[in-house]
Amino acid sequence: GAKEGGRNDYRFYQAEMTRRSQERLLLERALRRAVEQQEFEVWYQPKLDLASGRVDGAEALLRWRDPERGLISPADFIPVAERTGLIIPIGEQVLDTVCRQQRSWRASGLLSGRVAINVAAPQIERSDYVEALRQALHRHELPAEAIEVEVTESLLMENPEQARDVLCAIQEMGVTTAVDDFGTGYSSLAYLKVLPINNLKVDRAFVSDLPHDSNDVAITQAIIALGHSLGFKITAEGIETVEQLDFLRSIGCDQGQGFFFSRPLPAAQFESWLREQAVHA
Ligand code: C2E
Ligand code: MG
Ligand code: MG
Ligand code: MG
């Protein structure tokens, strides 16, 4: 009867919960090993200046190469890394890798512009984040204009005072700051204006149906117009088609990023991509 069904549902629920927590434990253990064994790779996706069509920096995107599971995307392990605190040593590895890479790219003149690093809330909340950034630049003899830091709207809104202090110190150093996935959180442009932000990255949710969806057209136009009048540089994420690119360029979007230009690539392949660009420029 209904009662029995209920009991079975409950047992099923419990079994499912046990399975999930076991999976989570396995993932945590594997992630801990990954930190020790340095199983992480940093991939790069170019950013382009839309007016000139030139490469203007890149975004560093983390990948985990697990010996058994293969390549794992950050969406599948960043939340675990944040919850367990492993994001701290992982973030240090990313920062070090990016700085070393950027030093070599700047020395060879292969990449102009900044490499942007994604930073999560637990990293910013540590009092020594700014110092770690300063030391990494120093260690790799890099000027601050080699790096940008990307944070999400939700990070800013969760702890606005602390975020403001940290971003202020980052900006004072000469590292620029960007708000990632803009438009998907609960902030307003007026509020962001009081925070030390240089660049807004319009979330790809607003880009994917351009130029056909009239709501998305209105939203991106408004973000660009108001954002510019408040002094932000605007980057569009997730550009996949030439129509999206043409439209965004026509409404004055400053910078773009997306599969249309290039997917994120391992460092060596990104270098080949950059060389090819230089040939056709
Ligand atoms: P994000 O910072 O917003 O990065 C953009 C994501 O969109 C990347 O996913 C990128 O591969 C993807 N993307 C870029 N262009 C296109 C496009 O044209 N179409 C589509 N469909 N997707 C596109 P990815 O690499 O899987 O990274 C996911 C998220 O993981 C990032 O979102 C970021 O929030 C986080 N993440 C990545 N690397 C790091 C890191 O080193 N540290 C931290 N804390 N988070 C990171
Ligand atoms: Mg990002
Ligand atoms: Mg984003
Ligand atoms: Mg995102």
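Counting starts at 1 for both ligands and their atoms, following the listed order.
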Q | Enumerated ligand 1 atoms positioned under 4.0 Å from heavy atoms of Asp180 | A | 1 (P), 2 (O), 3 (O)

Q | Donor-acceptor pair between Thr176 and Glu148 side chains, under 3.5 angstrom | A | yes

Q. Can you hop from Phe232 to Leu155 via hydrophobic side chains spaced under 4.5 Å?
A. yes

Q) Between Arg263 and Phe259, is NZ or CZ placed under 6.0 angstrom from the six-membered ring centre and within 45° of the ring axis? A) yes

Q | Close N or O approach (Asn118, ligand 1; < 3.5 Å) | A | yes

Q) Given side chains that start at C-beta, do those of Cys99 and Gln135 come closer than 4.5 Å, heavy atoms only? A) no

Q.
Polar contacts were defined as any N/O atom of the residue lying under 3.5 Å from an N/O atom of the ligand; does this apply to Gln257 and ligand 1?
A. no

Q. Any luck finding a side-chain donor-acceptor pair between Asn199 and Thr235 under 3.5 Å?
A. yes

Q) For atom 35 (C) of ligand 1, which candidate among Pro74, Ser73, Ala116 holds the nearest heavy atom? A) Pro74

Q: Please state which part of Thr152 comes within less than 4.0 Å of ligand 1, counting heavy atoms only: side chain, backbone, both or neither.
A: neither

Q. Do the two ring centres, one from Phe261 and one from Trp273, sit under 6.0 Å apart?
A. no

Q: Take the Mg ion (ligand 2) as the vertex and measure to OD2 of Asp180 and OD1 of Asn118; round to 10°.
A: 90°

Q: Report yes or no: do Val55 and Leu61 belong to one cluster of Ile/Leu/Val/Met/Phe/Trp/Tyr joined by side chain heavy-atom distances under 4.5 Å?
A: no

Q) For Ala267 and Gln101, which heavy atoms make the closest approach, and how far apart are they? A) CB-OE1, 3.4 Å

Q. Quick one: does Lys201 get within less than 4.0 Å of ligand 1, heavy atoms only?
A. no

(Q) Within rounding of 10°, what is the angle whose vertex is the Mg ion (ligand 3) and whose arms end at OE1 of Glu237 and OD1 of Asp181? (A) 80°

Q.
What I want to check is whether the side chains of Ser52 and Asp49 have a donor and an acceptor closer together than 3.5 Å.
A. yes

Q: Tell me which part of Arg263 gets within contact of ligand 1: side chain, backbone, both or neither, using heavy atoms under 4.0 Å.
A: neither

(Q) As an exercise, identify every atom of ligand 1 less than 4.0 angstrom from a heavy atom of Asp181. (A) 3 (O)

Q | Per-atom contacts of ligand 1 with Pro264, taking only distances under 4.0 Å to non-hydrogen atoms | A | 11 (O)

Q: Please state which part of Leu62 comes within less than 4.0 Å of ligand 1, counting heavy atoms only: side chain, backbone, both or neither.
A: both

Q. In terms of atom number and element, which parts of ligand 1 are under 4.0 angstrom from non-hydrogen atoms of Gly258?
A. 15 (N), 18 (O)

Q | Minimum-distance N/O/S atom that Glu59 presents toward the Mg ion (ligand 2) | A | OE2

(Q) Just by distance, no angles: are the side chains of Lys201 and Gln255 close enough, under 3.5 Å, to form a donor-acceptor pair? (A) no

Q: For the Mg ion (ligand 2), find the closest N/O/S atom on Glu150 and give its atom name.
A: OE1

Q. Do any of the N, O or S atoms of Asp203 sit under 2.8 Å from the Mg ion (ligand 3)?
A. no

Q: Compute whether any side-chain donor of one residue and acceptor of the other, for Trp105 and Glu271, lie under 3.5 angstrom apart.
A: yes

Q. If you measure from atom 15 (N) of ligand 1 to every heavy atom of Glu237, Gln45, Glu82, which option wins on shortest distance?
A. Gln45

Q. Is the closest N or O pair between Val119 and ligand 1 shorter than 3.5 Å?
A. no

Q: Return yes when Arg63 approaches ligand 1 closer than 4.0 angstrom through a heavy atom, no otherwise.
A: yes

Q: For Gln162 and Glu125, test the side chains for any donor-to-acceptor distance below 3.5 angstrom and give the result as yes or no.
A: no

Q: Check ligand 1 against Glu240 and write out every atom of the ligand that is under 4.0 Å from a heavy-atom position of the residue.
A: 17 (C), 18 (O), 19 (N), 20 (C), 21 (N)

